[in-house]
Amino acid sequence: MTKITNASSSLEMRRRCTSATVCALVLATCAVLTYFAFFSDQLQLPWRPPWPRSAIYDPNLIPIPIPTAQAPASLSPAPTNLSHIVFALGGSAQTWDQRRAYTELWWHLNQTRGHVWLDQEPSSPWPNACPPYRISRDASRYGNRAAASRIANIVVEAYELVSSSLGEDEVRWFVMGDDDTVFFQENLVVVLQKYDHTQMYYVGMPSESVEQDVMHSYGMAFGGGGFAISYPAAAELAGIMGGCLDRYANFYGSDQRVQACLAELGIPLTHEPGFHQVDVRGDIYGMLAAHPVAPLVSLHHLDYVKPISSNRHTQLEGLQSLFSAYEVDPSRILQQAFCYDAGFGARSVLSVSVSWGYTVQVYPQVLAPHELETPLQTFMTWRSSSNGPFIFNTRPLGDPNNPCMRPFIFFLDRVLQNETEATVTQYSRSRNADDQPKAKCSKQGFSVASRINKVRVFAPKMDPLLWKQAPRRHCCMTRRTQWGRMLEVRIKYCNPGESTTPPV
Ligand SMILES: *[C@@H]1O[C@H](CO)[C@@H](O)[C@H](O)[C@H]1NC(C)=O
Ligand SMILES: *[C@@H]1O[C@H](CO)[C@@H](O)[C@H](O)[C@H]1NC(C)=O
Ligand SMILES: *[C@@H]1O[C@H](CO)[C@@H](O)[C@H](O)[C@H]1NC(C)=O
(Lines give C-alpha, C1' and ligand atoms only; values in the text may rest on other atoms or scores of the structure.)
(Ligands and ions follow the chains in the order given, each with its own letter.)
Protein backbone atom coordinates (compact mmCIF):
# COMPACT_ATOMS: atom_id res chain seq x y z
CA MET A 1 0.00 0.00 0.00
CA THR A 2 2.73 2.33 1.19
CA LYS A 3 4.80 1.48 -1.78
CA ILE A 4 1.93 2.11 -3.95
CA THR A 5 1.20 5.30 -2.10
CA ASN A 6 4.83 6.29 -2.43
CA ALA A 7 4.84 5.40 -6.02
CA SER A 8 1.61 7.22 -6.60
CA SER A 9 2.79 10.23 -4.62
CA SER A 10 6.07 10.35 -6.52
CA LEU A 11 3.97 10.02 -9.64
CA GLU A 12 1.83 12.82 -8.24
CA MET A 13 5.03 14.80 -7.57
CA ARG A 14 6.25 14.24 -11.05
CA ARG A 15 2.86 15.19 -12.45
CA ARG A 16 2.82 18.33 -10.37
CA CYS A 17 6.33 19.02 -11.39
CA THR A 18 5.45 18.53 -15.04
CA SER A 19 2.38 20.71 -14.78
CA ALA A 20 4.46 23.35 -12.98
CA THR A 21 6.98 23.21 -15.81
CA VAL A 22 4.16 23.43 -18.30
CA CYS A 23 2.72 26.33 -16.28
CA ALA A 24 6.07 28.06 -16.21
CA LEU A 25 6.49 27.50 -19.90
CA VAL A 26 3.01 28.79 -20.59
CA LEU A 27 3.64 31.83 -18.41
CA ALA A 28 6.96 32.49 -20.08
CA THR A 29 5.34 32.14 -23.50
CA CYS A 30 2.57 34.48 -22.39
CA ALA A 31 5.12 36.99 -21.20
CA VAL A 32 7.00 36.78 -24.48
CA LEU A 33 3.77 37.08 -26.45
CA THR A 34 2.69 40.04 -24.33
CA TYR A 35 6.04 41.61 -24.97
CA PHE A 36 5.63 40.97 -28.68
CA ALA A 37 2.09 42.27 -28.67
CA PHE A 38 3.11 45.51 -27.02
CA PHE A 39 6.40 46.05 -28.72
CA SER A 40 5.80 44.31 -31.99
CA ASP A 41 6.16 47.59 -33.81
CA GLN A 42 9.91 47.14 -33.54
CA LEU A 43 9.87 43.42 -34.18
CA GLN A 44 9.48 41.61 -37.42
CA LEU A 45 7.19 38.71 -36.60
CA PRO A 46 7.01 36.35 -39.52
CA TRP A 47 3.32 37.00 -40.15
CA ARG A 48 3.60 40.77 -40.14
CA PRO A 49 4.37 42.78 -43.22
CA PRO A 50 7.70 44.58 -43.21
CA TRP A 51 6.28 47.72 -41.77
CA PRO A 52 8.62 49.90 -39.79
CA ARG A 53 7.10 51.84 -36.96
CA SER A 54 8.19 55.13 -38.47
CA ALA A 55 6.34 54.49 -41.72
CA ILE A 56 3.06 54.06 -39.97
CA TYR A 57 3.26 56.53 -37.15
CA ASP A 58 5.00 59.32 -38.96
CA PRO A 59 2.68 60.13 -41.83
CA ASN A 60 5.31 62.41 -43.28
CA LEU A 61 7.40 59.38 -44.10
CA ILE A 62 4.71 57.78 -46.22
CA PRO A 63 6.24 58.08 -49.67
CA ILE A 64 4.49 60.45 -52.01
CA PRO A 65 5.45 59.96 -55.64
CA ILE A 66 6.02 63.00 -57.72
CA PRO A 67 3.06 63.18 -60.10
CA THR A 68 4.15 63.01 -63.68
CA ALA A 69 1.18 65.04 -64.93
CA GLN A 70 2.54 68.02 -66.77
CA ALA A 71 1.65 71.53 -65.73
CA PRO A 72 -0.17 73.30 -68.54
CA ALA A 73 2.16 74.92 -71.05
CA SER A 74 2.73 78.59 -70.45
CA LEU A 75 0.67 79.62 -73.47
CA SER A 76 -2.47 77.82 -72.34
CA PRO A 77 -4.82 79.64 -69.95
CA ALA A 78 -4.52 79.30 -66.18
CA PRO A 79 -6.16 76.13 -64.88
CA THR A 80 -9.84 76.36 -64.07
CA ASN A 81 -10.55 77.16 -60.42
CA LEU A 82 -13.65 77.68 -58.32
CA SER A 83 -14.00 81.31 -59.30
CA HIS A 84 -14.47 80.29 -62.94
CA ILE A 85 -17.64 78.38 -62.09
CA VAL A 86 -21.10 79.90 -61.67
CA PHE A 87 -23.70 77.71 -59.99
CA ALA A 88 -27.38 78.01 -60.84
CA LEU A 89 -29.52 76.03 -58.43
CA GLY A 90 -33.19 75.46 -59.13
CA GLY A 91 -35.18 76.15 -55.97
CA SER A 92 -38.54 77.29 -54.75
CA ALA A 93 -39.41 79.72 -51.97
CA GLN A 94 -41.68 77.14 -50.36
CA THR A 95 -39.22 74.29 -50.02
CA TRP A 96 -36.00 76.23 -49.52
CA ASP A 97 -36.12 76.15 -45.73
CA GLN A 98 -36.48 72.36 -45.62
CA ARG A 99 -33.63 71.84 -48.05
CA ARG A 100 -31.18 74.65 -47.42
CA ALA A 101 -29.02 72.53 -45.06
CA TYR A 102 -27.82 70.51 -48.08
CA THR A 103 -26.59 73.61 -49.90
CA GLU A 104 -25.09 75.10 -46.73
CA LEU A 105 -22.95 71.97 -46.37
CA TRP A 106 -20.94 72.71 -49.49
CA TRP A 107 -21.43 76.34 -50.51
CA HIS A 108 -18.46 78.52 -49.50
CA LEU A 109 -19.90 81.96 -48.79
CA ASN A 110 -18.16 84.72 -50.73
CA GLN A 111 -16.12 82.16 -52.67
CA THR A 112 -18.66 80.07 -54.53
CA ARG A 113 -20.31 82.08 -57.28
CA GLY A 114 -23.89 81.85 -58.38
CA HIS A 115 -27.45 81.90 -57.11
CA VAL A 116 -30.41 79.90 -55.99
CA TRP A 117 -33.17 80.70 -58.47
CA LEU A 118 -36.53 80.92 -56.73
CA ASP A 119 -40.06 81.07 -58.14
CA GLN A 120 -41.08 83.97 -55.88
CA GLU A 121 -39.83 86.23 -53.08
CA PRO A 122 -39.21 84.24 -49.90
CA SER A 123 -41.71 84.99 -47.15
CA SER A 124 -39.12 85.27 -44.37
CA PRO A 125 -35.80 87.15 -44.32
CA TRP A 126 -33.09 85.41 -46.32
CA PRO A 127 -30.55 83.73 -43.95
CA ASN A 128 -26.96 85.01 -44.05
CA ALA A 129 -25.60 81.47 -44.29
CA CYS A 130 -27.40 80.87 -47.59
CA PRO A 131 -26.17 81.55 -51.11
CA PRO A 132 -27.70 84.66 -52.67
CA TYR A 133 -31.00 84.20 -54.50
CA ARG A 134 -32.68 85.56 -57.57
CA ILE A 135 -36.25 85.31 -58.75
CA SER A 136 -36.40 83.55 -62.08
CA ARG A 137 -38.53 84.60 -65.01
CA ASP A 138 -42.15 83.63 -65.15
CA ALA A 139 -42.59 80.59 -67.36
CA SER A 140 -46.34 80.17 -67.21
CA ARG A 141 -46.63 80.59 -70.95
CA TYR A 142 -44.98 77.18 -71.35
CA GLY A 143 -48.09 75.32 -70.23
CA ASN A 144 -48.95 72.91 -67.49
CA ARG A 145 -45.43 71.86 -66.53
CA ALA A 146 -44.23 75.43 -66.38
CA ALA A 147 -42.06 74.84 -63.29
CA ALA A 148 -39.80 72.55 -65.31
CA SER A 149 -39.50 75.16 -68.05
CA ARG A 150 -38.68 77.82 -65.46
CA ILE A 151 -35.84 75.73 -64.07
CA ALA A 152 -34.58 74.75 -67.52
CA ASN A 153 -34.37 78.45 -68.34
CA ILE A 154 -32.20 79.40 -65.36
CA VAL A 155 -29.10 78.27 -67.23
CA VAL A 156 -29.87 81.02 -69.72
CA GLU A 157 -30.69 83.54 -66.99
CA ALA A 158 -27.40 82.75 -65.27
CA TYR A 159 -25.60 83.15 -68.57
CA GLU A 160 -27.26 86.50 -69.29
CA LEU A 161 -26.41 87.77 -65.81
CA VAL A 162 -22.76 86.84 -66.28
CA SER A 163 -22.36 87.94 -69.90
CA SER A 164 -23.72 91.40 -69.11
CA SER A 165 -21.06 91.97 -66.44
CA LEU A 166 -18.20 89.45 -66.65
CA GLY A 167 -16.40 88.03 -69.65
CA GLU A 168 -15.81 84.51 -70.87
CA ASP A 169 -12.40 84.42 -69.28
CA GLU A 170 -13.76 85.12 -65.82
CA VAL A 171 -16.55 82.56 -66.03
CA ARG A 172 -15.87 79.35 -67.89
CA TRP A 173 -18.62 77.01 -66.73
CA PHE A 174 -22.24 77.12 -65.62
CA VAL A 175 -23.17 74.32 -63.25
CA MET A 176 -26.83 73.47 -62.76
CA GLY A 177 -28.10 71.67 -59.70
CA ASP A 178 -31.18 71.25 -57.55
CA ASP A 179 -31.68 72.77 -54.12
CA ASP A 180 -31.01 69.31 -52.67
CA THR A 181 -27.86 68.56 -54.65
CA VAL A 182 -24.70 68.22 -52.59
CA PHE A 183 -21.65 69.24 -54.61
CA PHE A 184 -18.03 68.43 -53.86
CA GLN A 185 -16.67 71.62 -55.36
CA GLU A 186 -12.94 70.92 -55.27
CA ASN A 187 -13.53 67.69 -57.19
CA LEU A 188 -15.86 69.42 -59.63
CA VAL A 189 -13.03 71.86 -60.39
CA VAL A 190 -10.61 68.97 -60.96
CA VAL A 191 -13.07 67.30 -63.34
CA LEU A 192 -13.72 70.47 -65.33
CA GLN A 193 -10.01 71.20 -65.60
CA LYS A 194 -9.82 68.20 -67.94
CA TYR A 195 -11.92 69.98 -70.56
CA ASP A 196 -11.17 72.96 -72.76
CA HIS A 197 -13.71 75.52 -71.61
CA THR A 198 -13.47 77.41 -74.91
CA GLN A 199 -15.19 74.43 -76.60
CA MET A 200 -18.86 73.51 -76.27
CA TYR A 201 -19.26 70.95 -73.50
CA TYR A 202 -22.16 69.41 -71.63
CA VAL A 203 -20.83 67.27 -68.75
CA GLY A 204 -22.82 65.04 -66.37
CA MET A 205 -24.26 61.56 -65.94
CA PRO A 206 -27.52 59.76 -66.75
CA SER A 207 -29.60 57.98 -64.09
CA GLU A 208 -28.36 54.91 -62.22
CA SER A 209 -31.71 53.18 -62.89
CA VAL A 210 -31.93 51.86 -66.44
CA GLU A 211 -35.74 52.25 -66.41
CA GLN A 212 -35.23 56.00 -65.96
CA ASP A 213 -32.76 56.24 -68.84
CA VAL A 214 -35.07 54.23 -71.08
CA MET A 215 -37.98 56.51 -70.24
CA HIS A 216 -36.03 59.78 -70.48
CA SER A 217 -32.67 59.44 -72.17
CA TYR A 218 -29.26 57.86 -71.81
CA GLY A 219 -27.93 60.98 -73.51
CA MET A 220 -29.24 63.31 -70.81
CA ALA A 221 -27.51 64.55 -67.69
CA PHE A 222 -30.03 64.05 -64.89
CA GLY A 223 -30.44 67.45 -63.27
CA GLY A 224 -30.33 66.50 -59.61
CA GLY A 225 -26.86 65.06 -60.03
CA GLY A 226 -25.94 68.39 -61.57
CA PHE A 227 -24.32 69.11 -64.91
CA ALA A 228 -21.85 71.59 -66.33
CA ILE A 229 -22.22 73.63 -69.51
CA SER A 230 -19.22 75.49 -70.86
CA TYR A 231 -19.53 79.21 -71.57
CA PRO A 232 -19.72 78.88 -75.39
CA ALA A 233 -22.32 76.11 -75.09
CA ALA A 234 -24.38 78.29 -72.73
CA ALA A 235 -24.13 81.16 -75.21
CA GLU A 236 -25.49 78.97 -78.02
CA LEU A 237 -28.19 77.63 -75.76
CA ALA A 238 -29.28 81.14 -74.82
CA GLY A 239 -29.83 81.85 -78.50
CA ILE A 240 -32.41 79.10 -79.01
CA MET A 241 -33.86 78.50 -75.54
CA GLY A 242 -37.08 80.53 -75.88
CA GLY A 243 -38.37 78.70 -78.94
CA CYS A 244 -36.93 75.46 -77.73
CA LEU A 245 -38.92 75.51 -74.48
CA ASP A 246 -42.06 76.03 -76.58
CA ARG A 247 -41.24 73.00 -78.70
CA TYR A 248 -40.70 70.70 -75.72
CA ALA A 249 -43.32 72.15 -73.36
CA ASN A 250 -44.92 68.74 -72.82
CA PHE A 251 -41.66 67.13 -71.64
CA TYR A 252 -41.34 65.83 -68.09
CA GLY A 253 -38.39 67.55 -66.45
CA SER A 254 -36.20 70.62 -66.78
CA ASP A 255 -33.12 68.48 -67.45
CA GLN A 256 -34.89 66.78 -70.36
CA ARG A 257 -35.73 70.16 -71.88
CA VAL A 258 -32.12 71.31 -71.62
CA GLN A 259 -30.95 68.10 -73.29
CA ALA A 260 -33.52 68.46 -76.07
CA CYS A 261 -32.26 71.98 -76.77
CA LEU A 262 -28.60 70.90 -76.65
CA ALA A 263 -29.51 68.12 -79.08
CA GLU A 264 -30.74 70.77 -81.51
CA LEU A 265 -27.28 72.29 -81.25
CA GLY A 266 -25.68 68.87 -81.66
CA ILE A 267 -23.85 69.03 -78.32
CA PRO A 268 -23.64 65.51 -76.82
CA LEU A 269 -23.31 64.55 -73.18
CA THR A 270 -19.81 63.92 -71.88
CA HIS A 271 -20.07 61.29 -69.12
CA GLU A 272 -18.31 61.90 -65.81
CA PRO A 273 -19.00 59.10 -63.32
CA GLY A 274 -18.57 61.33 -60.25
CA PHE A 275 -21.98 63.02 -60.78
CA HIS A 276 -24.71 61.13 -58.94
CA GLN A 277 -28.40 61.66 -59.52
CA VAL A 278 -28.95 58.87 -56.94
CA ASP A 279 -32.04 57.52 -58.66
CA VAL A 280 -32.32 54.61 -56.25
CA ARG A 281 -34.44 53.74 -53.21
CA GLY A 282 -33.39 52.26 -49.92
CA ASP A 283 -29.79 52.42 -48.84
CA ILE A 284 -27.09 53.89 -51.10
CA TYR A 285 -24.37 52.25 -49.00
CA GLY A 286 -23.37 49.82 -51.75
CA MET A 287 -22.86 52.65 -54.24
CA LEU A 288 -20.79 54.78 -51.90
CA ALA A 289 -18.71 51.82 -50.73
CA ALA A 290 -17.73 50.93 -54.31
CA HIS A 291 -17.38 54.25 -56.11
CA PRO A 292 -15.81 54.20 -59.57
CA VAL A 293 -12.18 55.28 -59.75
CA ALA A 294 -13.16 58.91 -60.37
CA PRO A 295 -13.54 61.99 -58.17
CA LEU A 296 -16.82 62.25 -56.26
CA VAL A 297 -18.61 65.31 -57.68
CA SER A 298 -22.19 65.24 -56.41
CA LEU A 299 -24.91 63.41 -54.48
CA HIS A 300 -28.65 63.92 -54.68
CA HIS A 301 -32.02 62.59 -53.40
CA LEU A 302 -30.60 62.30 -49.90
CA ASP A 303 -34.03 62.91 -48.39
CA TYR A 304 -35.29 59.78 -50.11
CA VAL A 305 -32.72 57.26 -48.96
CA LYS A 306 -31.60 55.83 -45.61
CA PRO A 307 -29.02 57.90 -43.69
CA ILE A 308 -25.68 57.05 -45.28
CA SER A 309 -24.06 56.11 -41.97
CA SER A 310 -25.64 53.67 -39.51
CA ASN A 311 -23.53 55.28 -36.78
CA ARG A 312 -25.15 58.73 -37.16
CA HIS A 313 -28.68 59.67 -36.28
CA THR A 314 -29.61 61.76 -39.28
CA GLN A 315 -28.75 62.07 -42.93
CA LEU A 316 -27.20 65.46 -42.27
CA GLU A 317 -24.91 64.08 -39.54
CA GLY A 318 -23.79 61.33 -41.89
CA LEU A 319 -22.99 63.90 -44.56
CA GLN A 320 -21.14 66.09 -42.08
CA SER A 321 -19.01 63.09 -41.20
CA LEU A 322 -18.31 62.49 -44.90
CA PHE A 323 -17.37 66.15 -45.32
CA SER A 324 -15.02 66.02 -42.31
CA ALA A 325 -12.91 63.53 -44.30
CA TYR A 326 -13.54 65.23 -47.64
CA GLU A 327 -12.16 68.49 -46.30
CA VAL A 328 -8.80 66.98 -45.39
CA ASP A 329 -8.33 65.08 -48.67
CA PRO A 330 -10.94 65.94 -51.33
CA SER A 331 -9.43 63.83 -54.10
CA ARG A 332 -9.41 60.64 -52.04
CA ILE A 333 -12.98 60.74 -50.75
CA LEU A 334 -14.74 57.38 -51.44
CA GLN A 335 -11.70 56.01 -53.26
CA GLN A 336 -11.40 52.28 -52.78
CA ALA A 337 -8.33 50.27 -51.82
CA PHE A 338 -8.30 46.48 -51.38
CA CYS A 339 -5.94 44.34 -49.38
CA TYR A 340 -5.76 40.87 -47.85
CA ASP A 341 -4.97 40.31 -44.21
CA ALA A 342 -3.37 36.94 -43.47
CA GLY A 343 -2.43 37.68 -39.86
CA PHE A 344 -3.03 34.16 -38.56
CA GLY A 345 -1.98 32.19 -41.57
CA ALA A 346 -3.31 31.38 -44.97
CA ARG A 347 -6.42 29.61 -43.72
CA SER A 348 -7.92 32.73 -42.20
CA VAL A 349 -7.37 35.37 -44.84
CA LEU A 350 -9.60 38.43 -44.59
CA SER A 351 -10.48 40.64 -47.56
CA VAL A 352 -10.48 44.32 -46.69
CA SER A 353 -12.13 47.00 -48.81
CA VAL A 354 -11.75 50.66 -47.85
CA SER A 355 -13.94 53.41 -49.26
CA TRP A 356 -11.81 56.21 -47.91
CA GLY A 357 -13.49 58.71 -45.61
CA TYR A 358 -16.69 56.68 -45.44
CA THR A 359 -16.56 52.95 -44.76
CA VAL A 360 -14.43 49.83 -44.42
CA GLN A 361 -15.65 46.30 -45.17
CA VAL A 362 -13.97 43.21 -43.73
CA TYR A 363 -14.89 39.88 -45.34
CA PRO A 364 -14.07 36.63 -43.56
CA GLN A 365 -12.90 35.10 -46.83
CA VAL A 366 -11.04 35.91 -50.02
CA LEU A 367 -12.88 38.03 -52.59
CA ALA A 368 -11.15 39.10 -55.78
CA PRO A 369 -10.83 42.80 -56.69
CA HIS A 370 -13.38 42.42 -59.50
CA GLU A 371 -15.90 41.39 -56.83
CA LEU A 372 -14.90 44.04 -54.30
CA GLU A 373 -15.28 46.81 -56.88
CA THR A 374 -18.84 45.67 -57.69
CA PRO A 375 -21.38 47.51 -55.49
CA LEU A 376 -23.36 45.46 -52.97
CA GLN A 377 -26.99 45.90 -53.92
CA THR A 378 -28.41 47.64 -50.88
CA PHE A 379 -30.89 49.62 -53.04
CA MET A 380 -33.74 49.32 -55.54
CA THR A 381 -34.56 51.21 -58.72
CA TRP A 382 -36.10 54.66 -58.46
CA ARG A 383 -39.36 54.39 -60.35
CA SER A 384 -40.57 50.84 -59.77
CA SER A 385 -38.51 49.87 -56.68
CA SER A 386 -37.35 46.77 -58.49
CA ASN A 387 -34.15 44.81 -58.26
CA GLY A 388 -32.53 46.43 -61.30
CA PRO A 389 -31.14 46.78 -63.80
CA PHE A 390 -28.72 49.59 -63.04
CA ILE A 391 -26.10 51.13 -65.29
CA PHE A 392 -23.47 49.20 -63.32
CA ASN A 393 -23.30 45.61 -62.06
CA THR A 394 -24.26 44.82 -58.49
CA ARG A 395 -23.85 41.79 -56.23
CA PRO A 396 -26.33 40.57 -53.60
CA LEU A 397 -25.77 41.58 -49.99
CA GLY A 398 -27.31 38.58 -48.31
CA ASP A 399 -26.57 35.33 -50.09
CA PRO A 400 -28.21 32.74 -47.81
CA ASN A 401 -26.05 30.00 -49.34
CA ASN A 402 -22.86 31.80 -48.54
CA PRO A 403 -22.88 33.89 -45.36
CA CYS A 404 -19.13 34.46 -45.78
CA MET A 405 -19.88 36.83 -48.66
CA ARG A 406 -21.29 39.31 -46.19
CA PRO A 407 -18.82 41.80 -44.76
CA PHE A 408 -18.41 43.27 -41.32
CA ILE A 409 -19.12 46.96 -41.88
CA PHE A 410 -17.32 49.92 -40.29
CA PHE A 411 -18.21 53.60 -40.62
CA LEU A 412 -16.00 56.66 -40.31
CA ASP A 413 -15.67 57.75 -36.70
CA ARG A 414 -13.42 60.73 -37.15
CA VAL A 415 -10.31 62.09 -38.72
CA LEU A 416 -7.53 61.42 -36.21
CA GLN A 417 -4.73 63.26 -37.96
CA ASN A 418 -4.49 65.76 -40.77
CA GLU A 419 -0.86 66.35 -41.63
CA THR A 420 0.42 68.27 -44.59
CA GLU A 421 0.95 65.15 -46.64
CA ALA A 422 -0.97 62.35 -44.96
CA THR A 423 -4.07 61.54 -42.94
CA VAL A 424 -5.19 59.04 -40.35
CA THR A 425 -8.90 58.20 -40.28
CA GLN A 426 -10.67 55.89 -37.84
CA TYR A 427 -13.70 53.70 -38.49
CA SER A 428 -15.79 51.78 -35.97
CA ARG A 429 -18.12 48.80 -36.27
CA SER A 430 -21.59 49.63 -37.48
CA ARG A 431 -24.06 49.87 -34.64
CA ASN A 432 -26.76 48.39 -36.86
CA ALA A 433 -27.09 44.63 -36.38
CA ASP A 434 -28.16 44.38 -40.03
CA ASP A 435 -24.68 45.46 -41.09
CA GLN A 436 -23.06 42.32 -39.66
CA PRO A 437 -23.07 38.80 -41.02
CA LYS A 438 -26.10 37.06 -39.53
CA ALA A 439 -25.34 33.39 -39.80
CA LYS A 440 -21.98 32.28 -38.48
CA CYS A 441 -19.92 31.56 -41.50
CA SER A 442 -17.72 28.50 -41.42
CA LYS A 443 -14.52 30.16 -42.58
CA GLN A 444 -11.72 30.44 -40.05
CA GLY A 445 -11.49 34.12 -40.81
CA PHE A 446 -14.92 34.70 -39.28
CA SER A 447 -13.80 34.75 -35.64
CA VAL A 448 -10.75 36.83 -36.55
CA ALA A 449 -12.92 39.34 -38.40
CA SER A 450 -15.58 39.44 -35.69
CA ARG A 451 -12.95 40.45 -33.14
CA ILE A 452 -12.05 43.66 -34.97
CA ASN A 453 -13.91 46.65 -33.61
CA LYS A 454 -11.87 49.55 -35.02
CA VAL A 455 -10.06 50.20 -38.25
CA ARG A 456 -7.41 52.87 -38.65
CA VAL A 457 -6.50 53.96 -42.16
CA PHE A 458 -3.20 55.70 -42.88
CA ALA A 459 -3.10 57.35 -46.28
CA PRO A 460 -1.00 59.84 -48.19
CA LYS A 461 -3.02 62.83 -49.36
CA MET A 462 -3.97 62.30 -52.95
CA ASP A 463 -2.60 64.85 -55.38
CA PRO A 464 -5.48 66.21 -57.50
CA LEU A 465 -3.08 66.21 -60.47
CA LEU A 466 -3.31 62.42 -60.40
CA TRP A 467 -6.85 62.76 -61.75
CA LYS A 468 -5.36 64.07 -64.96
CA GLN A 469 -3.58 60.77 -65.43
CA ALA A 470 -5.28 57.46 -66.22
CA PRO A 471 -7.36 56.57 -63.15
CA ARG A 472 -5.86 53.82 -61.01
CA ARG A 473 -6.86 52.36 -57.67
CA HIS A 474 -4.25 52.54 -54.93
CA CYS A 475 -2.79 49.59 -53.07
CA CYS A 476 -2.78 48.87 -49.33
CA MET A 477 -1.43 46.60 -46.64
CA THR A 478 -2.76 45.65 -43.21
CA ARG A 479 -1.81 44.46 -39.78
CA ARG A 480 -3.69 43.84 -36.56
CA THR A 481 -2.84 45.36 -33.20
CA GLN A 482 -4.45 45.60 -29.76
CA TRP A 483 -4.95 41.84 -29.51
CA GLY A 484 -6.70 41.72 -32.85
CA ARG A 485 -9.23 44.40 -32.02
CA MET A 486 -7.66 47.04 -34.21
CA LEU A 487 -7.07 46.63 -37.91
CA GLU A 488 -4.55 49.06 -39.37
CA VAL A 489 -4.66 49.70 -43.08
CA ARG A 490 -1.95 51.61 -44.86
CA ILE A 491 -2.94 52.93 -48.27
CA LYS A 492 -0.06 53.57 -50.62
CA TYR A 493 0.69 54.09 -54.26
CA CYS A 494 1.18 50.72 -55.95
CA ASN A 495 4.79 49.78 -56.62
CA PRO A 496 5.83 48.89 -60.16
CA GLY A 497 4.73 45.31 -60.76
CA GLU A 498 2.44 45.28 -57.72
CA SER A 499 -1.07 43.90 -58.01
CA THR A 500 -3.85 43.02 -55.59
CA THR A 501 -3.80 39.29 -56.24
CA PRO A 502 -6.01 37.13 -54.02
CA PRO A 503 -3.92 34.69 -51.97
CA VAL A 504 -4.70 31.02 -52.68
C1 LIG B 1 -8.48 81.60 -60.55
O2 LIG B 1 -7.71 81.81 -61.72
C3 LIG B 1 -7.64 83.18 -62.12
C4 LIG B 1 -6.88 83.23 -63.43
O5 LIG B 1 -7.70 82.83 -64.47
C6 LIG B 1 -6.97 84.02 -61.04
O7 LIG B 1 -6.95 85.37 -61.43
C8 LIG B 1 -7.74 83.85 -59.74
O9 LIG B 1 -7.06 84.52 -58.71
C10 LIG B 1 -7.90 82.38 -59.39
N11 LIG B 1 -8.78 82.29 -58.25
C12 LIG B 1 -8.54 81.52 -57.22
C13 LIG B 1 -9.56 81.51 -56.13
O14 LIG B 1 -7.54 80.83 -57.14
C1 LIG C 1 -19.19 87.86 -47.19
O2 LIG C 1 -19.20 89.18 -47.71
C3 LIG C 1 -20.08 90.04 -47.05
C4 LIG C 1 -20.14 91.36 -47.79
O5 LIG C 1 -18.97 91.58 -48.54
C6 LIG C 1 -19.61 90.20 -45.60
O7 LIG C 1 -20.47 91.06 -44.91
C8 LIG C 1 -19.61 88.83 -44.94
O9 LIG C 1 -19.08 88.94 -43.64
C10 LIG C 1 -18.78 87.84 -45.73
N11 LIG C 1 -18.96 86.53 -45.16
C12 LIG C 1 -17.98 85.67 -44.96
C13 LIG C 1 -18.34 84.37 -44.36
O14 LIG C 1 -16.83 85.93 -45.25
C1 LIG D 1 -5.51 69.87 -42.99
O2 LIG D 1 -4.14 70.16 -43.04
C3 LIG D 1 -3.77 71.04 -44.09
C4 LIG D 1 -2.27 71.11 -44.13
O5 LIG D 1 -1.70 71.02 -42.88
C6 LIG D 1 -4.43 72.40 -43.86
O7 LIG D 1 -4.08 73.29 -44.89
C8 LIG D 1 -5.94 72.20 -43.86
O9 LIG D 1 -6.59 73.41 -43.58
C10 LIG D 1 -6.34 71.14 -42.84
N11 LIG D 1 -7.74 70.88 -43.02
C12 LIG D 1 -8.58 70.67 -42.02
C13 LIG D 1 -10.01 70.46 -42.39
O14 LIG D 1 -8.23 70.66 -40.87
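Whatever order the structure lists ligands and atoms in, that order sets their numbers, starting from 1.
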**Message:** I'd like the contact residues of ligand 3, where contact means a heavy atom below 4.0 Å.
**Reply:** Val328, Asn418, Thr420, Lys461

**Request:** Sequence neighbours left out, what pairs pass ring pair (Phe, Tyr, Trp, His ring centres under 6.0 Å) with at least one residue falling in residues 410-430?
**Result:** Tyr285-Phe411, Tyr358-Phe411

**Message:** Please evaluate residues Thr423 and Thr425 with respect to the criterion side-chain hydrogen bond (donor to acceptor under 3.5 Å, both in side chains), reporting the C-alpha separation (whole Å), side-chain torsions for both, the decisive distance (0.1 Å), and the verdict.
**Reply:** CA-CA 6 Å; Thr423 58; Thr425 44; 5.3 Å; no

**Output field: ring centroids Phe184/Phe323 closer than 6.0 Å** = yes

**Prompt:** Any idea how His301 and Trp382 line up, ring-wise: parallel (<30°), tilted (30 to 60°), or perpendicular (>60°)?
**Reply:** parallel

**Item:** Parallel, tilted or perpendicular, as decided by the 30° and 60° cut-offs, for the rings of Phe174 and Tyr231
**Value:** tilted

**Request:** Walk me through it: do Met287 and Phe392 pass the test side chain to side chain contact (heavy atoms under 4.5 Å, CB included)?
**Result:** CA-CA 10 Å; Met287 273 171 60; Phe392 43 78; 3.8 Å; yes

**Asked** Below 4.0 Å from any atom of ligand 1, is there a heavy atom belonging to His84?
**Response** yes

